[in-house]
Asks: 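The structure under discussion is supplied below as structure tokens; questions concerning it will follow.
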Number of protein chains: 2
Amino acid sequence: MTADRQAGPVPPLRHEGIGGVVALLEEDIMFGRLAPGARLTEDALMVRFGASRHFIRQTLVEMERRGVVQRERNVGATVRSYSAEEVRQIYEVREMLTRQAMLMIALPAEPGLIASLDALQDAYRDTVEKRDLRGIHEANDAFHIALFDACGNPYLVRTLTDYMGLTLPMRAKNLADADGLRLSVDQHGTMIELLRGRDRWALAQLAVDHMQASKADYLARIANPESRRAGSSLSSAGRTASAVLARGKPTREPLRVADPAMSAPETSSGFD
Amino acid sequence: MTADRQAGPVPPLRHEGIGGVVALLEEDIMFGRLAPGARLTEDALMVRFGASRHFIRQTLVEMERRGVVQRERNVGATVRSYSAEEVRQIYEVREMLTRQAMLMIALPAEPGLIASLDALQDAYRDTVEKRDLRGIHEANDAFHIALFDACGNPYLVRTLTDYMGLTLPMRAKNLADADGLRLSVDQHGTMIELLRGRDRWALAQLAVDHMQASKADYLARIANPESRRAGSSLSSAGRTASAVLARGKPTREPLRVADPAMSAPETSSGFD
DNA sequence: CCCCTATGTTTTATCGATAATCTCGTGGGC
DNA sequence: GCCCACGAGATTATCGATAAAACATAGGGG
């Protein structure tokens, strides 16, 4: 691990070790640089990250656990894709968990919580204004996790976090949509307001509503796969979008990664 | 893997590969042969199962994922123990998930479901009569998973299964309690009856009630740690029960496993 | 002309050995 | 007598190489 990690494709390249590679790859998936169905061969990843097979393998195991990657014995790993049915099921659970967690928050919330959420909200707003995709995602997740954390049950928070990771590929496109981001920021603000009041059900419902847009958007996207994708030039070279989304056995193709300086795709509304 | 796996300590030794080792170790934990806090060194496990370091390591990673084992970097793995607070939190989520899953079952349940549950119930009763501890556990879980499966959402079932695994060490002692088992069988029967009716809430509540006994029992057990433990002779040699349950840094002690032919501990009621 | 089989290539799975890290016991210094 | 530093032992982490499996292709037989 003290070994040379020659110039990674992403300039900052913070994070180190296995967690870092996971984060980087999740970004690739989330930003659409790695389309669903794309193969992730160990050798290619070894070259890309300058890591040993051991590390890469562990990374893939972890990503499989998180549900963003599918691994088949003796065949390899692919970016997982979800059918409309699966998406509904995942969101059904996620919505349920969210609602329950929100209902568990003692409602005139204590000032400390509101203060930290305010801070996170500010940070979130900043990243949105700066159009910092990675930052947007992280700040958004940080806000939600802090909110969930107020439910007082770390296991519930963990499971909820797991499901947030599961829906990660579905939230991809929404990071760059201006209207969706504005709505998202507004809703976060409303949540903080509701935390000052006493209406648990309103809070719970808002939190659930908050995630509808991305779900609907993703479902619409897979309904007609030829949706215009902005920076699709390099991802999964030569395959049509429908082929990429196809869930059949993956053909053996080399791993290909899009230009790191990806142009922000302009897509429909919705966020979470 | 084609390598010789010389006589394992458990006669049947079905299962092969990593999943098998996990199952065996989970049994050890569940039956109390491996007390909470016990160290699981790779070398010891390699000897015990005649497997390579690679396998054992993967096994420990998997068991950590399942929550039955705790791993600390450069230190090793120990059987995880749960505080009263954690137990309540885990059960809180598990109860919530259970209730929701039960409520999702369309209620005059279809005959096919009832038929398969009847079959599983018969099998369960058989294992109970035969006092087949391992079988009891497996048959019980099979019944519950089949029941949960009727909710129609595989992701919910999976999460629920994860939590069943998490509460596995808490359900340990209850496998051998005659009264508890009788109650358990009865409740399963009542569930099947309720599936024929239309009262979703009664079914959900029964399913939640069904797991209260083991929770209460475990909480009582950790409240006064000097509870009489039947086959404690070899597990964690020389340490007091309270020391075993202590959650501080584990002292380095050799792995010790109790006699495979464990005498069934007679303990209080409760089951799930 | 099509289907089945043999073989080469790609990719993953497994192993044994070495390096890094931690824990615990011991001895010297204050 | 107590505290800190050092070293021995134990245990995990990592690596490189080899084995095994699956896929893809090309050739032969029907």
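Here is how names work: the chains are called A, B, and so on, in the same order as the sequence lines, proteins then strands, and each is numbered from 1. Here the structure is a predicted model, which means the values were calculated and not measured.
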Asks: State which residue, out of B:Glu27, B:Glu62, B:Gln58, fulfils the side-chain contact (heavy atoms from CB on, under 4.5 Å) condition with B:Val22.
Replies: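 For B:Val22, the side-chain contact (heavy atoms from CB on, under 4.5 Å) test succeeds with only one of B:Glu27, B:Glu62, B:Gln58, which is B:Glu62.
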Asks: Could you check whether any side-chain heavy atom of B:Leu45 comes within less than 4.5 Å of a side-chain heavy atom of B:Phe55, counting everything from C-beta outward?
Replies: no
Asks: Starting from P on D:dT11, measure out to CG on B:Leu45 and report it in whole angstrom.
Replies: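 Taking CG of B:Leu45 and P of D:dT11, I get 12 Å after rounding.
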Asks: What is the distance, rounded to the nearest whole Å, between atom CD of A:Glu42 and atom P of D:dG16?
Replies: 15 Å
Asks: Between atom CD in B:Glu72 and atom C1' in D:dA10, what is the gap in whole Å?
Replies: 16 Å
Asks: Quickly work out the A:Arg73 CZ to D:dA20 C1' distance and round it to whole Å.
Replies: 10 Å
Asks: Quick one: which of C:dA13, D:dA13, D:dT11 gets closest to the side chain of A:Asn74?
Replies: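 Of C:dA13, D:dA13, D:dT11, C:dA13 is nearest to the side chain of A:Asn74.
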Asks: Are a donor atom and an acceptor atom from the side chains of A:Tyr218 and A:Thr167 found within less than 3.5 Å of each other?
Replies: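 No, because no side-chain N or O of A:Tyr218 sits under 3.5 Å from a partner of the opposite role on A:Thr167.
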Asks: Considering only D:dT12, D:dC15, C:dA13, which nucleotide approaches the side chain of B:Asp43 most closely?
Replies: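 Of the candidates, D:dT12 comes closest.
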Asks: Find the distance A:Ile56:CD1 to C:dA13:C1' and express it as a whole number of Å.
Replies: 16 Å
Asks: So, A:Glu92 and B:Asn153: side-chain donor and acceptor under 3.5 Å apart, yes or no?
Replies: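 Yes, a side-chain donor-acceptor pair sits under 3.5 Å.
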Asks: Return whichever of B:Arg53 or B:Gln58 has its heavy-atom-nearest nucleotide of DNA chain C closer to the 5' end.
Replies: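 Nearest nucleotide further toward 5': that of B:Gln58.
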Asks: Measure from the side chain of A:Ser52, starting at C-beta and using heavy atoms only, and say which of D:dT12, D:dC15, D:dA21 lies closest.
Replies: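 Closest nucleotide among those given: D:dC15.
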Asks: The side chain of A:His54 is closest to which nucleotide in this list: D:dT12, D:dT14, C:dT14?
Replies: D:dT14
Asks: With heavy atoms under 4.0 Å as the rule, sort A:Arg57 into base, sugar-phosphate or nothing.
Replies: base
Asks: Counting side-chain heavy atoms from C-beta on, which of D:dC23, D:dA13, C:dA13 comes nearest to A:Val75?
Replies: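 The answer is D:dC23.
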Asks: Rounded to the nearest 0.5 Å, how far apart are CZ of A:Arg158 and OH of A:Tyr155?
Replies: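 Answer rounded to 0.5 Å: 9.0 Å.
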Asks: Starting from P on D:dA20, measure out to CZ on B:Phe55 and report it in whole angstrom.
Replies: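 That distance rounds to 13 Å.
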Asks: What integer distance in Å separates A:Arg71:CZ from C:dT12:C1'?
Replies: 9 Å
Asks: In whole angstrom, give the distance that lies between atom CG of A:Leu60 and atom P of C:dT12.
Replies: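 The distance from CG of A:Leu60 to P of C:dT12 comes to 8 Å, rounded to the nearest Å.
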